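For the numbers below, each heavy atom of this structure counts, side chains included, while hydrogens, waters and symmetry mates do not. Since the structure is predicted, the reported quantities are computational estimates derived from the model, not experimental observations. Counting begins at 1 with the first residue of the sequence.
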Amino acid sequence: MTQLRREPLAEQAAEALLERIRGGEWALGQKLPGETTLAPQLGVGRSTIREAIRHLAGRGVLASRQGAGVFVTALDEPDDWDQVLRRADIAAVIEARIAIEVEASALAAERRTPADLRAMRRAAGERDLNRSGVEEHVDADTVLHRSIILAAHNPILTELFDTFTPRSRQAMIELLRRRGEHGSDADQLTHMRILDAITGRDAAAAATLTREHLLALKAKLP
């Protein structure tokens, strides 16, 4: 076992534990050995191990449970979300939209209120009016899709959508500019059909129409 000699020891110990987790020594959900076992393995004191565990807990890799011990909660340190979004290509963006919006459409059909329906119809009208400029059209389209997300009444889906919006907006603008066309009557009709399914509380149809719409976007990637 490699001994740690340079400062800061706690950060070195954290990296050593992370490498062992990455290497499969401990599985997801598995309890780590105690401080008295880990400390001599790394050649550090128990206080250093405790600090290393705090480092990894703050990075989402470990979690301490009172009276139970320390458990593995991730098999690697997650990338910064903004960096992940910046690296994502247009296909990945559309696939993420499918994951979020298909379920949201189905939930919206089940949970929408009269106020939700008014908001969605109002957003659809604004989308219809904003067909000239690409950026304006994408922004109006985003407002419509967000109104559907809100109608799902799931705060996690809303948070995911809002966090994702800047990269999604950029990707959609890029895609439509590559295609050289946007805002067709057929595209507007597709969105109205989705709203009709939500209005009619047809969750299956709402989900299917949303999936087909987003897959069609993906299929047109150059």
Side-chain angles (χ1 to χ4, degrees), residues 1-107 142 145-146 149-150 152-175 211 214 218 221:
M1 188 72 62
T2 301
Q3 299 293 299
L4 304 175
R5 297 183 179 86
R6 294 179 300 172
E7 297 288 340
L9 288 177
E11 291 183 11
Q12 288 187 76
E15 290 304 314
L17 290 174
L18 182 56
E19 284 303 313
R20 291 168 70 176
I21 292 168
R22 287 172 175 153
E25 185 168 343
W26 300 298
L28 187 65
Q30 185 174 348
K31 180 179 176 180
L32 261 62
E35 296 171 3
T36 55
T37 299
L38 293 174
Q41 288 179 356
L42 298 182
V44 297
R46 293 173 60 185
S47 62
T48 300
I49 291 295
R50 283 194 292 273
E51 183 64 24
I53 289 170
R54 280 195 289 271
H55 275 304
L56 293 179
R59 290 150 66 178
V61 177
L62 298 176
S64 297
R65 300 176 191 168
Q66 180 107 24
V70 178
F71 296 82
V72 177
T73 53
L75 298 179
D76 200 351
E77 183 178 8
D79 287 340
D80 178 79
W81 180 236
D82 289 337
Q83 292 180 6
V84 172
L85 291 180
R86 283 194 294 271
R87 289 198 300 265
D89 60 18
I90 296 177
V93 169
I94 294 174
E95 289 166 359
R97 286 190 61 186
I98 291 170
I100 295 169
E101 296 184 40
V102 170
E103 181 63 18
S105 291
L107 290 174
T142 300
H145 283 272
R146 189 175 190 273
I149 298 287
L150 291 174
H153 295 279
N154 182 307
I156 295 177
L157 287 177
T158 301
E159 182 68 21
L160 285 171
F161 183 87
D162 287 347
T163 304
F164 188 56
T165 291
R167 179 64 186 104
S168 176
R169 179 182 187 273
Q170 181 186 33
M172 292 305 104
I173 290 171
E174 182 180 348
L175 172 61
R211 181 183 296 277
L214 292 170
K218 185 181 177 184
L221 283 173

Q: Taking the side chain as every heavy atom from C-beta outward, state whether E174 and I90 have any pair of such atoms under 4.5 Å apart.
A: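 Result yes, sub-4.5 Å side-chain heavy-atom pair found.
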Q: Can you name the nearest heavy-atom pair linking A52 to A13, along with the distance?
A: CB-CB, 3.7 Å
Q: Does any part of the side chain of E103, heavy atoms only, come nearer than 4.5 Å to the side chain of N154, both counted from C-beta?
A: no
Q: Distance from S168 atom OG to E101 atom CD, nearest 0.5 Å?
A: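 If I round to the nearest 0.5 Å, the distance is 7.0 Å.
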Q: May I ask you to check whether E11 and H55 show a side-chain donor-acceptor distance below 3.5 Å?
A: no
Q: Would F161 and R97 count as a side-chain contact (heavy atoms from CB on, under 4.5 Å) if you check the C-alpha gap in whole Å, the side-chain angles of each, and the deciding distance to 0.1 Å?
A: CA-CA 8 Å; F161 183 87; R97 286 190 61 186; 5.6 Å; no
Q: Could you give the distance from CZ (R20) to CD (E25), rounded to the nearest 0.5 Å?
A: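 Those atoms lie 4.0 Å apart.
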Q: Work out which heavy atom in G60 is nearest to a heavy atom in T73; give both atom names and the distance.
A: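 Here G60 and T73 meet closest at O-OG1, 3.0 Å.
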Q: Decide yes or no for L175 and V93: does some side-chain heavy atom of the first lie under 4.5 Å from some side-chain heavy atom of the second?
A: no
Q: If you round to the nearest 0.5 Å, how far is CD1 of I100 from CG of L160?
A: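 Atom-to-atom, L160:CG and I100:CD1 are 5.0 Å apart.
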Q: Give the intermediate values and the outcome of salt bridge (charged side-chain N to carboxylate O under 4.0 Å, His left out) for residues R59 and E15.
A: CA-CA 11 Å; R59 290 150 66 178; E15 290 304 314; 2.7 Å; yes
Q: Considering only heavy atoms from C-beta outward, does the side chain of E159 approach that of I156 to under 4.5 Å?
A: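 Side-chain contact under 4.5 Å: no.
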Q: Roughly how far, to the nearest 0.5 Å, is CG of L17 from CG of L32?
A: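 One gets 6.5 Å once the value is rounded to the nearest 0.5 Å.
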Q: How long is the span from the OG1 atom in T48 to the CG atom in L38, to the nearest 0.5 Å?
A: 12.0 Å
Q: Does F71 have R65 sitting over its ring (NZ/CZ under 6.0 Å from centre, angle to axis within 45°)?
A: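 Yes, R65 and F71 form such a contact.
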Q: What's the shortest heavy-atom distance between L214 and I94, and which atoms?
A: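 So the minimum-distance heavy-atom pair works out to O-CG2, 3.4 Å.
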Q: Measuring from L42:CG to L9:CG, what's the distance to the nearest 0.5 Å?
A: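 It is 10.0 Å, given to the nearest 0.5 Å.
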Q: Counting C-beta onward and ignoring hydrogens, is there a side-chain heavy-atom pair between W26 and K31 closer than 4.5 Å?
A: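 Result no, sub-4.5 Å side-chain heavy-atom pair not found.
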Q: Are L75 and V61 close enough, and set up right, to give a side-chain contact (heavy atoms from CB on, under 4.5 Å), and what steps lead you there?
A: CA-CA 7 Å; L75 298 179; V61 177; over 6 Å; no
Q: Taking the side chain as every heavy atom from C-beta outward, state whether T165 and R146 have any atom pair closer than 4.5 Å.
A: no
Q: Is any side-chain heavy atom of M172 closer than 4.5 Å to a side-chain heavy atom of T142?
A: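 They are not in side-chain contact.
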Q: Taking all non-hydrogen atoms of both residues into account, name the closest pair between P40 and T36 and its distance.
A: CD-O, 3.1 Å
Q: Can you give me the closest heavy-atom contact between V70 and S64, atom names plus distance?
A: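 Looking at all heavy atoms of both residues, the closest pair is CG2-OG, 3.6 Å.
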Q: Going by heavy atoms in the side chains, are L18 and D76 under 4.5 Å from each other?
A: yes
Q: Would you say CZ of R211 has more than 12 non-hydrogen atoms from neighbouring residues, nucleotides or ligands within 6.0 angstrom?
A: no
